[in-house]
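Down below is the structure, laid out as structure tokens.
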Amino acid sequence: MRDPRPYQIAALALLLTHGLARLGFDVSPLRVVLILGAALVSQLALSRAGGLPRLDPRSALISGLSLCLLLRTDSTLVAAAGAVATIASKFLIRWRGKHVFNPTNFGLVAMMALGAPAWVSPGQWGHSAFFAFLIACLGGMVVSRAWRSDVTAAFLLSYGGLLVGRALWLGDPLSIPLHQLQSGALLLFAFFMISDPKTTPDSRAGRIAFAFLVALGAAYVQFRLFRPNGILWSLALCSAAVPLLDRLLPARRYLWAPSSSGRRPEEGAFHDAQVDLRGGLVGSGHGGEGGLRLLRLLRGQG
Amino acid sequence: MKAAFGFCGFYVAKADTRLFNKASQVALVRFDDKTVMTMANDFRGDPKEFAIVIPVPTFLEREQIHVGDKALLDHLDAYSAPRLVEYFDEDPCRPRRGMLDALQSAAAPAAKPAREKSLGVTVEARYTIGEYDILILSARESQGLETWLVQNGYRIPPGASAVLGSYIKQGMRFFVARVNLEEQARLGFQYLRPLQVAYESPKFMLPIRLGTVNADGPQELFVYALTRKGRVETTNYRTVRLPSGMDLPLYVRSKFPDFYRSMFAQQVRREDMRSVFLEYAWDTSWCDPCAADPLSRDELRQLGVFWLDEGARSQEVFLTRLHVRYDATHFPEDLSFQETADRQNFQARYVLRHPWTETKNCPAGQQYRSELARRREAEAQTLASLTGWSVDEVRRGMGIVAPEDRTWWQRLWSGD
């Protein structure tokens, strides 16, 4: 099992290039540089502040690229603030050594909830079958490598089921739920956001329950509250339930590249420390406890 | 350029008259979940044949319905329409002076209560407003509603029943209007004025599905969204900016409507008929260049911009003009919208550059003439690519020859 993040970075960068070159996304190359820069600088500053030994740019790049794909604003300040909030959420909003929100999701929802002049354009991808296929393939590759395809599958099945069920109840033709499912925004969400191994429950049962909750919430926002971007709001709300799901259904914590032979010493130590989570306890009693605790608190990756 | 035609509901003719139902113009004023919708049409048939059924999210009191002035939508249309701009080249043999801009073209009957009940249809209200007789219906099931409409002389296209059923389950009411001939004669209007409805609902959408049921071929819809914060876009379909800012051959001046129709058709093909097109996005207090004067505060109020009464400035009214060509296959769902915070100006604008025609011999003049030939060829290519017209036809229209077809002596003495 290799670290999936390089693949993820490549896939997101390809999507962004396609969006800029072919789909006319409302984001300039300069804005891309700004968002990525702000994300990396935040990661660097917060890693330093937390005393982490070195900068790991991979997760910050993933969050930054996702923001470029999703966050739309006329204001440079809001774009930069979105990137900073995204990265800061990983370091500051934590529960038992695990960050609570998917960073990009938090950045987007925080900007919109605070009433900043920012928005997400769920329709920007269009419904081209080729493109949907492309995202699905790329996403599939990333997800299977990141061990979390169960969340994606459970989410797509639940959400698809809800859409089809609604259409059947309304007597609508199936072309309507199919149109709703053939959305680039939905696939991007399912393959790249909800599947984030660092913010989903540790156990498989927990992850499936989580995916179902997110799908239910998304349908509620869309068809009861009649607001756009139901999936984003729902994921943010349901993320708050992850600590509870982890408590009810405990399992081993996910780590990037947990079994690679070439792991760094601190990763190995971090890994060992987390094994005790099975019992619902934060690892204790191992050597170097103080340092480990600091690592657990401050490792902001994912 | 006239944008025009029917409603976003569907026409239900009384008797078997084939009705043209190809396009609609709708103004959607929205802020804080409050919506004012103005629907205009250029229905040309016999007024007694006119009838519409429009799904609406809530019950409507008499005071929530109004008959507006057609001139309002005409003004909105003219103000936001795609435009041609002209520039004149300077004498290449003289030092630069300021650009001269010139704006060229602007765009341009009674039901039986007992029967109703058994059909599950409730006439919740019955109003005569202006020249219209209006009913607000709610229904329990589509079959009953369909039967009721047919019994009351409305012609329902086959296949409408399923769509009606879906709207019933979504809790929508039905706004049914037809022309009261006596009132129309008394009021003396020669055409049907636009209907306006004001309601409060979180749903920011336009029902287009009924309109696709009886349509032969795709329909055209223009949406003018007037909002407080910024641009409006569709959330369940891609919103694409119409190509804009290109230099076009001068002969487009005399055939701008043709150009616009062909260009729009070509863009629709490019997007596989699955996108909504943005034609204009601007705050309504100004324009540059103006295809028509900005709307006055009074006109905006009549269109339903209620927040002007709360002391808002006219910069707080942002206009988005969307244009969509749709049919049931490519647009299976109703249009859902969202207001974004985007306040960047956009207009569909096309440029004509008049060359400097006097021939003087100076080195700069020779270079200018050689660039002019390249420029004209580029304009021909742009026009052909935008509209799908053949580039040879365009060149003929411009009176130029393809670079590869030019003789060696033409190339020699044109300085190219």
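Keep in mind that this is a model prediction, so the values were computed, not measured. Below, chain A is the first sequence line, B the second, and so on; all start at residue 1.
- For A/Q180 and B/N236, the side-chain atoms include no donor-acceptor pair closer than 3.5 Å.
- Scanning residues 27-42 of chain A against chain B with a 4.5 Å heavy-atom cutoff picks out nothing at all.
- Considering CG of B/D33 and CZ of A/F226, their distance stands at 11.0 Å, rounded to 0.5 Å.
- The pair A/D74-B/R231 does not count as a salt bridge, with every side-chain nitrogen at least 4.0 angstrom from each carboxylate oxygen.
- Interface remark: B/S275 contributes no atoms to any contact with chain A (heavy atom separation under 4.5 Å).
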Subject >> ring-ring contact (aromatic ring centres under 6.0 Å, His included) evaluation trace for A/H179 with B/F331 >> reply: CA-CA 9 Å; A/H179 176 260; B/F331 285 82; 7.8 Å; no
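- For A/L225, the part lying under 4.5 angstrom from a heavy atom of chain B is the backbone only.
- Other residues, nucleotides and ligands place no more than 12 heavy atoms under 6.0 Å from the CZ atom of A/R22.
- Side-chain atoms of B/R238 never come within 3.5 Å of backbone atoms of A/G123 as a donor-acceptor pair (strictly under, hydrogens ignored).
- Interface residue B/E233: only side-chain heavy atoms are found under 4.5 Å from chain A.
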**OP:** Run the numbers on A/R72 and B/T340 for side-chain contact (heavy atoms from CB on, under 4.5 Å), then give the verdict.
**Re:** CA-CA 9 Å; A/R72 298 287 169 262; B/T340 71; over 6 Å; no
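- Side chain of B/K169 to main chain of A/W169: a donor-acceptor pair is present (N/O by atom type, distance under 3.5 Å, no hydrogens or angles).
- The contact between B/D342 and chain A is made by backbone and side chain atoms together, counting heavy-atom distances below 4.5 Å.
- Only the backbone of A/V120 comes within contact range of chain B, judged by heavy atoms closer than 4.5 Å.
- With a 4.5 angstrom heavy-atom cutoff, A/R166 touches chain B only via side-chain atoms.
- Residue contact with chain A, scored on non-hydrogen atoms closer than 4.5 Å, is absent for B/D334.
- When heavy atoms are compared at a cutoff of 4.5 Å, B/E271 does not approach chain A at all.
- How far CD1 of A/I176 is from CZ of B/R209: 3.5 Å, rounded to the nearest 0.5 Å.
- Contacts between B/R241 and chain A at a heavy-atom distance below 4.5 Å involve the side chain alone, from C-beta outward.
- Between A/A118 and B/A341, the shortest heavy-atom contact is N-CB, 4.0 Å.
- Neither the backbone nor the side chain of A/A116 comes within contact range of chain B; no heavy atoms are under 4.5 Å apart.
- Heavy atoms only, all atoms of each residue included: A/S121 and B/Q338 are closest at CA-NE2, 3.9 Å.
- In this structure, the portion of A/R227 lying under 4.5 Å from any heavy atom of chain B is its side chain and not its backbone.
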